[in-house]
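Working notes for the structure below.
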Amino acid sequence: MGFPLERFAEAVDPDFECKLCGQVLEEPLCTPCGHVFCASCLLPWAARRRRCPLQCQALAPGELYRVLPLRSLIQKLRVQCDYRARGCGRSVRLRELAAHVERCD
């Protein structure tokens, strides 16, 4: 499953959303037909159904590849702190979230 849309500080480009879970892509994987999904969404689907979720073509898990530039762009998006409900109003880049949460008051 991807990152929940409501966690992001700004609107997220729909191209960054997984077409299976509807959330922001987490560990994006690409099919041979060029469609991108979260790894945790696509791998079980491909193992069971052996077809692109958008019904383009047959596929095998070994034909999937990571999309590192897209992952890098998503990691630069700003998200709200895990402790927002407790009063932290900070938003940080997704790649910095774990470090922020560790030291957040």
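Quick note: numbers below take in every heavy atom, side chains included, and nothing from hydrogens, waters or symmetry partners.
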Fill in: Verdict with reasoning, Leu29 to Val67, per side-chain contact (heavy atoms from CB on, under 4.5 Å)
CA-CA 6 Å; Leu29 283 182; Val67 188; over 6 Å; no
Which value, rounded to the nearest 0.5 Å, describes the distance between [X] atom [atom1] and [Y] atom [atom2]?
| X | Y | atom1 | atom2 | answer |
| --- | --- | --- | --- | --- |
| Met1 | Leu25 | CE | CG | 12.0 Å |
| His35 | Cys56 | NE2 | SG | 4.0 Å |
| Glu27 | Ser40 | CD | OG | 9.0 Å |
| Arg93 | Gln75 | CZ | CD | 11.0 Å |
| Leu77 | Leu97 | CG | CG | 12.5 Å |
| Cys30 | Leu68 | SG | CG | 11.5 Å |

Discussion item. Counting only heavy atoms not in Arg51 (residues, nucleotides, ligands), do more than 12 fall under 6.0 Å from its CZ?
Written reply: yes
Worksheet item: Does Glu102 CD have over 12 foreign heavy atoms under 6.0 Å away?
Response: no
Should [X] and [Y] count as side-chain neighbours, where that means a heavy-atom distance under 4.5 Å?
| X | Y | value |
| --- | --- | --- |
| Gln57 | Pro32 | yes |
| Cys18 | Gln23 | no |
| Phe3 | Val79 | no |
| Cys88 | His100 | yes |

Is it true that [X] and [Y] fall in one hydrophobic cluster, defined by side-chain heavy atoms closer than 4.5 Å?
| X | Y | value |
| --- | --- | --- |
| Leu42 | Leu70 | no |
| Tyr65 | Leu20 | no |
| Leu94 | Val101 | yes |

Item to complete: List the steps and the verdict of side-chain contact (heavy atoms from CB on, under 4.5 Å) for Phe37 and Leu64.
Response: CA-CA 10 Å; Phe37 306 91; Leu64 306 174; over 6 Å; no
How far apart are the closest heavy atoms of [X] and [Y], and which atoms are they?
| X | Y | value |
| --- | --- | --- |
| Cys21 | Gly2 | SG-N, 3.5 Å |
| Glu17 | Leu5 | OE2-CD2, 3.9 Å |
| Lys19 | Pro14 | NZ-O, 3.3 Å |

Worksheet item: Taking the side chain from Arg78 and the backbone from Ser91, do they hold a donor-acceptor pair closer than 3.5 Å?
Response: yes
Item to complete: Kindly say whether Gln80 contributes a backbone atom to a donor-acceptor pair with the side chain of Arg7 at under 3.5 angstrom?
Response: yes
Discussion item. Between Trp45 and Leu59, does the side-chain contact (heavy atoms from CB on, under 4.5 Å) criterion hold? Intermediate values first, please.
Written reply: CA-CA 10 Å; Trp45 177 283; Leu59 59 88; over 6 Å; no
